[in-house]
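Every heavy atom of this structure was used, including side-chain atoms; hydrogens, water molecules and symmetry mates were not. Numbered from 1 within each chain, the chains take letters A, B, ... in sequence-line order.
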Amino acid sequence: MAIPDLQHPAKARVARLYWPAVGDYLPGVPELPEVEVLVRSLAPLLTGRTVSAVHVRRPKLLAPTSTRQLTRALVGGRFLGVARRGKYLLFTLQSLAQPAPLLVVGHLGMTGRMFLRPAGTPTTKHAVVVLKLGQEDFVFEDARGFGRFTLDTGALGKLGPEALGPEFTVPYFAQALKRSSQAVKVKLLDQSLVAGIGNIYASEALFRAGLSPRSPARRLKAEQVSRLWRAIREVLDEAIGWGSTVRLDYPGTARRDRLFYYGTVEGEFGTERLRVYDHADEPCPRCGTLIARVVQAARSTFFCPVCQRK
DNA sequence: CACCATGTTCCTTG
DNA sequence: CCAAGGAACATGGT
């Protein structure tokens with residue numbers, strides 16, 4: 001299937017902010033590419049910095065770690081690095097409390113954000129954790145509270161291979177899909193099968209591969225599995241590339257957070273990126289047929305009924 | 001005001 | 001034990 005030209009869409013539109021300023025929330029949730037871009041931007045800002053104090057505003061998001069445990073572990077600690085596993089952020093620190101490097105596991109949930117801001121800035125309404133780093137504060141805020149910031153690493157063990165990693169191979173993918181009668185779209189969201197894909201890029205990958213989201217996973221032919229595997233890597237790689245080419249301004253003022261893009265609202269934030277997600281009843285960029293929206297496993301799926309026949 | 005959106009976890013059912 | 005399906009969680013937006 002010919003891959004439509006993403007860089008020069010026939011009908012250029014302007015995107016809306018992926019993570020707008022607080023008080024201006026729009027649909028959209030961070031997946032692997034957004035977390036990767038965030039990790040790359042946070043790593044140089046945090047590495048080497050020492051935590052002088054910890055303020056916990058919403059202890060629930062640390063569970064099962066207590067405020068006291070997190071504080072004891074982090075105060076006096078020094079950041080060694082920031083990495084990513086699936087949609088999780090991994091912060092490693094040299095703690096005063098123990099000789100071995102300490103791992104803090106973060107997750108943005110649906111509305112989480114992490115950024116640095118000058119020390120002394122008033123705490124925002126949805127702040128979960130604030131780490132004092134001398135001249136600056138590292139802030140994790142989350143309006144809806146599905147995110148995490150914890151010493152508990154249990155969730156990591158349940159993750160399948162990284163979507164962009166060497167262990168996610170075509171043979172592995174084919175084997176994993178063969179075991180399920182569920183729709184392929186639903187399986188793409190299964191973090192134990194492959195880690196990092198969420199609702200947005202699942203629809204995008206299936207569109208790129210020209211496959212129906214409703215095909216039962218085990219019915220895909222070898223050639224279709226290969227195409228989907230390739231589409232997943234391309235879609236995620238491209239999204240990371242877009243994010244990392246954008247200047248990384250951290251929030252503080254509205255309209256300066258330019259990290260992530262998607263959507264169709266007119267604005268000054270860049271060019272439309274996504275081809276089917278949230279585009280119900282708009283023309284398919286490839287054939288012009290109206291994009292359909294269906295619900296699978298209680299999540300919206302967007303696809304072109306013509307380009308993505310069973 | 002009722003309902004929607006969403007990632008993850010937990011619970012139930014087969 | 002596993003696969004599948006659905007509820008629960010939380011809360012701003014519509």
Is [X] close enough to [N] that one of its side-chain N or O atoms is under 4.0 Å from OP1 or OP2 there?
{"X": "A:Arg148", "N": "C:dA10", "answer": "no"}
{"X": "A:Lys60", "N": "C:dC9", "answer": "no"}
{"X": "A:Lys87", "N": "B:dT8", "answer": "yes"}
{"X": "A:Gln182", "N": "C:dG5", "answer": "yes"}
{"X": "A:Ser180", "N": "C:dA4", "answer": "yes"}

Problem set entry | Between A:Thr65 and A:Thr150: side-chain donor-acceptor atoms closer than 3.5 Å |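 The criterion, which ignores hydrogens and geometry beyond distance, is satisfied for A:Thr150 and A:Thr65.
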Separation of [X] atom [atom1] from [N] atom [atom2], in whole Å?
{"X": "A:Phe146", "N": "B:dT8", "atom1": "CZ", "atom2": "P", "result": "11 Å"}
{"X": "A:Arg293", "N": "B:dC4", "atom1": "CZ", "atom2": "P", "result": "9 Å"}
{"X": "A:Leu189", "N": "B:dA5", "atom1": "CG", "atom2": "P", "result": "14 Å"}
{"X": "A:Lys187", "N": "C:dC2", "atom1": "NZ", "atom2": "P", "result": "13 Å"}
{"X": "A:Asp152", "N": "B:dT8", "atom1": "CG", "atom2": "P", "result": "15 Å"}
{"X": "A:Arg179", "N": "C:dC2", "atom1": "CZ", "atom2": "P", "result": "10 Å"}
{"X": "A:Phe149", "N": "B:dT8", "atom1": "CZ", "atom2": "P", "result": "17 Å"}
{"X": "A:Glu141", "N": "C:dT11", "atom1": "CD", "atom2": "C1'", "result": "14 Å"}

For this session: Check every strand shown and say whether A:Ala297 touches a base, only sugar-phosphate, or nothing at a heavy-atom separation below 4.0 Å.
Result: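 It contacts nothing in the nucleic acid.
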Exercise. Is the shortest distance from a Lys or Arg side-chain nitrogen in A:Arg57 or A:Glu141 to a carboxylate oxygen in the other one below 4.0 Å?
Worked result: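 No, this pair does not count.
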Exercise. Between A:Pro283 and A:Thr289, is any pair of side-chain heavy atoms under 4.5 Å apart?
Worked result: no
For this session: Would you check if A:Val294 and A:Phe303 make a side-chain contact, meaning some heavy-atom pair closer than 4.5 Å?
Result: yes
For this session: Measure from the side-chain heavy atoms of A:Arg58 and tell me the nearest of C:dA10, C:dG12, B:dT9.
Result: C:dA10
Exercise. If you pin A:Lys158 and A:Gly109 to their nearest nucleotides in DNA chain B, which one's is more 5'?
Worked result: A:Gly109
Exercise. When only distance counts, do a donor and an acceptor, one from the side chain of A:Arg144 and one from the base of B:dA5, lie under 3.5 Å apart?
Worked result: yes
Exercise. Quick check: does any side chain N or O of A:Arg233 sit under 3.5 Å from a backbone N or O of A:Ala163, one acting as donor and the other as acceptor?
Worked result: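 It does hold such a pair.
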